[in-house]
Number of protein chains: 2
Amino acid sequence: MNESPVSGTSPEVLESHRKYIGQLEKECPVRAAINVLRGRWKPSILCEIAKGPQRYSEMRKALPQVSAQTMTVQLRELEADGLITREVYAEVPSRVEYQLTPLAESLSEVMVELEAWGERYLTERAQSPSEKPD
Amino acid sequence: MNESPVSGTSPEVLESHRKYIGQLEKECPVRAAINVLRGRWKPSILCEIAKGPQRYSEMRKALPQVSAQTMTVQLRELEADGLITREVYAEVPSRVEYQLTPLAESLSEVMVELEAWGERYLTERAQSPSEKPD
DNA sequence: CGGAATCCTATTTGATACTG
DNA sequence: CAGTATCAAATAGGATTCCG
């Protein structure tokens with residue numbers, strides 16, 4: 001319709017913002033790691049693929065809360081981040097398989113620690129009465 | 001301020017959505033942990049406070065990219081999540097100090113692992129030429 | 001089957017100005 | 001000093017429809 005989409009933000013500003021974020025990540029690997037896992041479904045998706053190579057449709061069945069669009073986006077991002085590989089088989093009903101890279105496998109070990117901490121966090125939060133119980 | 005904001009989303013829907021998220025967290029401690037660290041500045045903020053009790057103004061100086069509003073919001077959320085304590089001293093120029101709880105200290109150990117992985121991730125990403133270099 | 005395109009809502013963050 | 005209020009922008013995710 002119109003050449004400048006919704007807002008008037010120029011491409012240069014967006015570009016410099018991307019560089020800015022990139023710079024922040026270089027200075028803070030923790031933030032970089034968190035950004036990789038930040039998508040709401042990425043831990044679950046990685047968890048599923050960790051069980052073995054998974055097809056798109058299998059994952060949709062395993063995670064029915066995730067819409068097709070979101071699933072695709074998250075998979076693409078994980079792929080761009082080097083955590084999963086995407087293999088297309090030239091078969092009649094087309095078939096695509098995702099699997100973890102070694103980089104993602106090393107992340108799995110950290111996720112185990114993260115899970116242990118998460119359990120402690122959930123326990124303590126459930127005990128403290130003055131906090132927001134959600 | 002007003003009970004029905006801008007859009008027509010009913011409070012019941014929002015409420016059920018909150019419960020839904022809460023349920024997801026209970027089923028996935030990893031997600032719960034990531035959500036706690038999900039704010040863009042929270043790792044940096046925790047890092048600062050890990051150096052010792054910090055005042056609001058000290059943290060604003062240490063992290064000048066973070067606006068006052070955002071700093072306040074992130075601190076409040078960390079407090080609500082039981083990661084930091086907020087102590088107000090009744091002095092003449094008012095003084096507020098934040099410090100880590102034991103829960104946050106245990107998270108620091110996980111963050112060390114996360115940092116190590118983040119460094120590997122950044123290295124591998126810098127080497128692969130076909131990925132988005134940002 | 002495995003998506004892409006479009007549109008829409010919700011959440012997060014930032015900028016600016018003001019306050020106890 | 002340590003915020004709060006208000007407004008605006010950016011980001012993330014979902015719903016629906018269409019495509020090779």
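Reminder, nothing fancy here: chain letters follow the sequence lines and each chain counts from 1.
Proximity of B:R76 to the phosphate of D:dG3: a side-chain N or O atom is located under 4.0 Å from OP1 or OP2. Remark: B:R60 is not in phosphate contact with D:dC1, judged by side-chain N or O atoms under 4.0 Å from OP1 or OP2. The side chain of B:R86 places an N or O atom within less than 4.0 Å of a non-bridging phosphate oxygen (OP1 or OP2) of D:dG3. Checking the phosphate oxygens (OP1, OP2) of D:dA2, a side-chain nitrogen or oxygen of B:R55 falls inside 4.0 Å.
Taking atom CD of A:E58 as the reference point, atom C1' of C:dG3 lies 16 Å away to the nearest angstrom. Taking atom NZ of A:K42 as the reference point, atom P of D:dG13 lies 7 Å away to the nearest angstrom. If you measure from atom CD1 of B:I45 to atom P of C:dT12, you get 14 Å, rounded to the nearest angstrom. The CH2-P distance, from B:W41 to D:dT11, rounds to 13 Å in whole Å. When the P atom of D:dG13 is taken as reference, atom CZ of A:R40 falls 6 Å away, rounded to whole Å. In this entry the distance linking CD of B:E77 with P of C:dT13 reads 7 Å, nearest Å. Computed from coordinates, the B:L75 CG to C:dT13 C1' distance equals 15 Å when rounded to whole Å. Distance B:I34 CD1 to C:dT12 P: 15 Å, rounded to the nearest Å.
The minimum heavy-atom distance between B:Q54 and B:I49, with the atom names listed, is CG-CA, 3.8 Å. Here the closest heavy-atom approach between residue B:P29 and residue A:L122 is recorded as CA-CD1, 4.2 Å. Taking every heavy atom of both residues into account, A:G82 and A:T101 meet most closely at O-OG1, 2.7 Å. Contact detail for A:A68 and A:Y56: the closest heavy-atom pair is O-OH, 3.1 Å.
Taking only side-chain atoms of A:R38, from C-beta outward, the nucleotide of C:dT12, C:dA4, C:dG2 with the closest atom is C:dT12. With C:dA4, C:dG2, D:dG3 as the choices, the nucleotide that has an atom nearest any side-chain atom of B:Y56 turns out to be D:dG3. Comparing D:dG14, D:dG3, C:dG2 against the side chain of B:V96 picks out D:dG3 as the nearest.
A:T70 comes within 4.0 angstrom of a base, heavy atoms only. Here A:Y89 lies out of heavy-atom contact (under 4.0 Å) with every strand. Among the protein residues, A:S57 comes within range of the sugar-phosphate backbone only, with heavy atoms under 4.0 Å from sugar or phosphate atoms but none that close to a base. Among the atoms of the strands shown, only primed sugar atoms or phosphate atoms (P, OP1, OP2) are found under 4.0 Å from some heavy atom of B:Q74.
Between A:Y98 and A:Q69, the one whose closest nucleotide on DNA chain C sits nearer the 5' end is A:Y98. Comparing A:S94 and B:E97, the nucleotide of DNA chain D nearest to each residue sits closer to the 5' end for B:E97. Both B:A68 and B:K61 sit near DNA chain D, but only B:K61 has its closest nucleotide nearer the 5' end.
In this structure, CD on B:E58 lies 12.0 Å from OH on B:Y98, to the nearest 0.5 angstrom.
Between the B:R55 side chain and the B:R95 main chain, no donor and acceptor come within less than 3.5 Å of each other.
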